[in-house]
Amino acid sequence: MPEEKILIIAVKKPTQKDEQFQSSLEELISLGRTAGGNVVETITQNRNRIHPATYIGEGKMEEIKQEVEKLDIDLVISNDELSPGQLRNLSNFLGVRIIDRSQLILDIFARRAKTKEGKLQVELAQLEYMLPRLAGHGVEMSRLGAGIGTRGPGETKLETDRRHIRNRIVDIKRKLKIVVRQREQYRKRRKTNEAFQIAIVGYTNAGKSTIFNRLTKSDSLEEDKLFATLDPLTRKINFPSGFEALVTDTVGFLQDLPTALIAAFRSTLEEVKEADFLIHVVDASQENQEEQQRTVMKLLAELDSHTIPMLTVYNKKDLLQTEFFPIHHPNILISAYNHEELNQMLAQIEKIVMEQWKSYSIQINDGNMLAKLERDTIITAKQFDEQSNKFNVSGYIRANHPLNHLMN
């Protein structure tokens, strides 16, 4: 399928800072590329408020129409979410397919979802987004032939019959309930096994999957594209001290995520809520990384996860052109491709964890018990005492760990 030619339209409101507006436009261009399109033109307008009927002012509409014809545009994407009326009016006037930022993100998610749950969640979000926008659709609905914004999970075409959509929504919600129950049981089992859980969070394309792959020696999708990871993956890792933990790679955060999608992905992001520790990965080479960090922190607060102990990992050190100043503490500046720096990151995580755990000293001669301590606690000293024929072990343990009853 040939690349679709995309024209982006955006309204800058007085409340938006220039750099914030600019970064949201750059992000939209990047999203368009990720969806397989080619952004050939961007038209913006400064307005005190968004036009209720057409999103953009009437004068601008004429300019956009001329550009659409001149550049042979296939698709117009709006930077803001459009109401059903705005979508209809714009489409009828411009005579070309129109989608908004939310629809574009949903389209990318639809192509990236791999697991049963991921596919169900994306389809649910797409259908709930489309339903109110089907009322009274004229010309533009017949243009929903194919292309960006029309694909469901697995590249199937999105259903446009209202009655069918309503039934499908009920069906998906029922299936998701079962999947969510299974996920909860799986999480409970992990908790019962006393596994220390780490979640890697961060803005999309910050390098989370690269760090995850290097730590776990696995091969989850690593791409210079937005939302390369959609379904959370969990693997086991070992710290330098021998301490064992489970680490989860999560979906990338993004500013202005579609509401339907946040709701649909709650259970995927629940992984973050269950974590004992967060690795917040930031692309240090990004000009707008401060804005991206704010977005992540805001979403973490909404998930009620902002109080979980966290290390901010400023990644892509190798791409930095100027001196770097971090805004979050504790932090570390690394390149995910540098093995030594990854080990330094793990050592720093252990240090933070030890500050929150309680120290212990114990004498043992039980090999199984020693192996358990090495796996579940952070051992700082271990010596064999020949007189007593026992090991003297010192380290740090979680306050609520079952092994606590053996400690002095």
Side-chain angles (χ1 to χ4, degrees), residues 8 10 12-34 38-39 42 44 46 79 101 198-215 220-229 247 249-257 277-301 306 309-352:
I8 282 173
K12 182 181 181 293
K13 299 169 281 294
T15 50
Q16 274 177 305
K17 292 193 188 100
D18 284 355
E19 59 268 28
Q20 190 189 0
F21 181 65
Q22 211 41 52
S23 86
S24 83
L25 273 183
E26 280 163 21
E27 197 164 83
L28 191 57
I29 292 167
S30 193
L31 285 165
R33 267 202 303 270
T34 298
N38 174 25
V39 178
T42 302
T44 65
N46 294 341
N79 195 29
R101 183 189 194 96
I198 298 171
I200 303 179
V201 298
Y203 210 76
T204 182
N205 212 25
K208 293 184 305 303
S209 294
T210 308
I211 288 176
F212 177 81
N213 289 345
R214 297 293 178 279
L215 289 178
S220 77
L221 185 62
E222 230 178 85
E223 270 189 67
D224 187 20
K225 277 188 173 175
L226 303 177
F227 303 120
T229 304
V247 66
D249 186 15
T250 63
V251 60
F253 292 21
L254 187 76
Q255 54 183 329
D256 310 321
L257 258 185
F277 194 92
L278 301 180
I279 297 174
H280 174 193
V281 183
V282 179
D283 178 351
S285 68
Q286 266 285 344
E287 272 180 45
N288 57 329
Q289 42 103 356
E290 285 193 25
E291 184 67 42
Q292 295 185 350
Q293 288 176 73
R294 271 196 292 276
T295 300
V296 172
M297 296 313 285
K298 184 170 163 273
L299 276 166
L300 285 175
H306 55 302
M310 179 166 80
L311 174 67
T312 303
V313 175
Y314 291 102
N315 187 28
K316 308 196 185 180
K317 176 183 168 180
D318 47 317
L319 302 179
L320 285 178
Q321 306 290 326
T322 54
E323 201 180 343
F324 178 74
F325 299 101
I327 60 170
H328 283 292
H329 297 274
N331 65 63
I332 189 167
L333 178 62
I334 69 159
S335 161
Y337 297 106
N338 185 313
H339 184 68
E340 191 49 48
E341 288 173 2
L342 275 178
N343 278 339
Q344 286 166 11
M345 179 190 83
L346 289 177
Q348 194 160 338
I349 292 171
E350 279 195 327
K351 210 171 125 205
I352 298 165

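- Applying the side-chain hydrogen bond (donor to acceptor under 3.5 Å, both in side chains) test to Asp318 and every residue at least two apart in sequence or in another chain returns Ser335.
- Contact check for Tyr203 versus Thr295: side-chain heavy atoms found under the 4.5 Å cut-off.
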**Message:** side-chain contact (heavy atoms from CB on, under 4.5 Å) for Leu278 and Leu300? Distances and angles first, verdict last.
**Reply:** CA-CA 10 Å; Leu278 301 180; Leu300 285 175; 4.0 Å; yes
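- Counted within 6.0 Å of NZ on Lys13, heavy atoms from surrounding residues, nucleotides or ligands total more than 12; the atom is thus considered enclosed.
- Between Arg214 and Tyr337, some side-chain heavy-atom pair lies under the 4.5 Å cut-off.
- Side-chain contact between Ile352 and Pro330: present, with at least one pair of heavy atoms (C-beta onward) separated by less than 4.5 Å.
- Around atom CD of Glu287, no more than 12 heavy atoms belonging to other residues, nucleotides or ligands sit under 6.0 Å away.
- Asn315 has its side chain within reach of Ile334: a pair of non-hydrogen atoms, C-beta onward, lies under 4.5 Å apart.
- The shortest side-chain heavy-atom distance between Gln289 and Gln293 falls under the 4.5 Å cut-off.
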**Message:** Does Asn79 form a side-chain contact (heavy atoms from CB on, under 4.5 Å) with Arg101? I'd like the steps, not just the answer.
**Reply:** CA-CA 5 Å; Asn79 195 29; Arg101 183 189 194 96; 2.5 Å; yes
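- Glu290 pairs by the side chain to side chain contact (heavy atoms under 4.5 Å, CB included) definition with Arg294, Ile327, not counting sequence neighbours.
- Contact check for Met345 versus Ile211: side-chain heavy atoms found under the 4.5 Å cut-off.
- The shortest distance between side-chain heavy atoms of Val282 and His328 does not fall below 4.5 Å.
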**Prompt:** Between Ile29 and Ile8, is a side-chain contact (heavy atoms from CB on, under 4.5 Å) present by the stated rule, with each step listed?
**Reply:** CA-CA 8 Å; Ile29 292 167; Ile8 282 173; 3.7 Å; yes
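- Distance check, rounded to the nearest 0.5 Å: CG of Leu320 to OH of Tyr314 gives 11.5 Å.
- Leu346 contributes atom CG, which lies 7.0 Å from atom CD1 of Ile279 (distance to the nearest 0.5 angstrom).
- With a 4.5 Å cut-off on side-chain heavy atoms, Lys317 and Asn338 do not count as touching.
- Counted within 6.0 Å of NE2 on His329, heavy atoms from surrounding residues, nucleotides or ligands total more than 12; the atom is thus considered enclosed.
- Taking all atoms of both residues into account, the shortest heavy-atom contact from Val296 to Gly202 is CG2-C, 3.7 Å.
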